[in-house]
Amino acid sequence: MLIKQQHKKEMMAVQDSMDVLNGKWKISILSSICYYNKRRFSDILADVEGISNKMLSKELKELETNKLIIRTVLNTQPITVQYELTEHGLSLKTLIQNLTEWGIQHRKKIIEG
């Protein structure tokens, strides 16, 4: 019974993680910010192929709400907005690196047949 309860907790934790990171764009956005440490909106837009301005803005707000990124408005002309991972967001760095490595290996496996 105890093992079953533990497994249920673990499954809930996976679901919680997926609720925060779910969607087509969030991992890619986090990867862009993670790789460079600090990223401007336009840089992320260029990194994440196929995302629209509106969608990027929406996803960045959600990541900020979940305390994974921090948004800083710089006093420049024109105004520049910069994003970086919070301390909590930095805890995803290993996960992102593992996903990157897995993706490279997976692509090789599929191409090799």
Which residues satisfy the side chain to side chain contact (heavy atoms under 4.5 Å, CB included) test with I104, sequence neighbours excluded?
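If we apply the side chain to side chain contact (heavy atoms under 4.5 Å, CB included) test to I104, skipping adjacent residues, the hits are T100, K108.
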
Residue list, side chain to side chain contact (heavy atoms under 4.5 Å, CB included) with N22, at least two apart or on another chain: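 Checked N22 against side chain to side chain contact (heavy atoms under 4.5 Å, CB included); zero matches.
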
Output the distance between atom CD1 (I69) and atom NZ (K61), rounded to the nearest 0.5 Å.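 It comes to 11.0 Å.
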
Just list the side-chain donor-acceptor pairs under 3.5 Å for residues 4-15, sequence neighbours left out, or say none.
from : atom 1 : to  : atom 2 : distance (Å)
Q6   : NE2    : E10 : OE2    : 3.3
Q15  : NE2    : D19 : OD1    : 3.0

Suppose we screen for salt bridge (Lys or Arg N to Asp or Glu O under 4.0 Å). Which residues come up paired with E62, at least two apart in sequence or across chains?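 Listed in chain order: K26, K58.
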
*Could I get the full list of salt bridge (Lys or Arg N to Asp or Glu O under 4.0 Å) partners for K38, not counting sequence neighbours?*
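Scan of K38 (salt bridge (Lys or Arg N to Asp or Glu O under 4.0 Å), adjacent residues dropped) gives none.
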
| field | Criterion side chain to side chain contact (heavy atoms under 4.5 Å, CB included) on I79 and L74, from CA distance to verdict | value | CA-CA 6 Å; I79 288 177; L74 303 174; over 6 Å; no

Considering only residues two or more places apart or on different chains, which pairs with a residue in residues 32-57 satisfy ring pair (Phe, Tyr, Trp, His ring centres under 6.0 Å)?
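Output for this query is empty, none listed.
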
Scan for ring pair (Phe, Tyr, Trp, His ring centres under 6.0 Å) pairs involving residues 90-111, sequence neighbours excluded, and state none if there are none.
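Every pair satisfying ring pair (Phe, Tyr, Trp, His ring centres under 6.0 Å) with a residue in residues 90-111: W102-H106.
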
Can you list the residues that meet the side-chain hydrogen bond (donor to acceptor under 3.5 Å, both in side chains) rule with [X], with sequence neighbours excluded?
X: T76; result: T80
X: Q82; result: none
X: K24; result: none

Is the shortest heavy-atom distance from the side chain of V81 to the side chain of R71 under 4.5 Å?
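Answer yes - side chains close enough.
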
Linking I/L/V/M/F/W/Y whenever any side-chain heavy atoms sit under 4.5 Å apart, do V20 and I27 land together?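 Yes, one cluster joins them.
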
Donor-acceptor list for residues 42-56 side chains, cut-off 3.5 Å, not counting sequence neighbours:
from : atom 1 : to  : atom 2 : distance (Å)
D43  : OD1    : R40 : NH2    : 3.2
D43  : OD2    : R40 : N      : 3.3
D43  : OD2    : R40 : NE     : 3.2
D47  : OD1    : R39 : NH2    : 3.2
D47  : OD2    : S32 : OG     : 2.5
D47  : OD2    : R39 : NE     : 3.3
D47  : OD2    : R39 : NH2    : 2.9
S52  : OG     : M55 : N      : 3.1

For residues 91-99, which side-chain N or O atoms pair as donor and acceptor with protein atoms under 3.5 Å away, sequence neighbours left out?
from : atom 1 : to  : atom 2 : distance (Å)
S91  : OG     : H88 : O      : 2.4
N98  : ND2    : T94 : O      : 3.4

Test side-chain contact (heavy atoms from CB on, under 4.5 Å) applied to L68 and L21, L85, I33, L90, the passing residue:
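One option only clears the test, and that one is L21.
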
message = Checking I70 against E64 for the side chain to side chain contact (heavy atoms under 4.5 Å, CB included) test, could you report, in this order, the C-alpha distance in whole Å, the side-chain angles of both residues, the deciding distance, and whether it holds?
response = CA-CA 6 Å; I70 189 161; E64 194 176 4; 5.5 Å; no

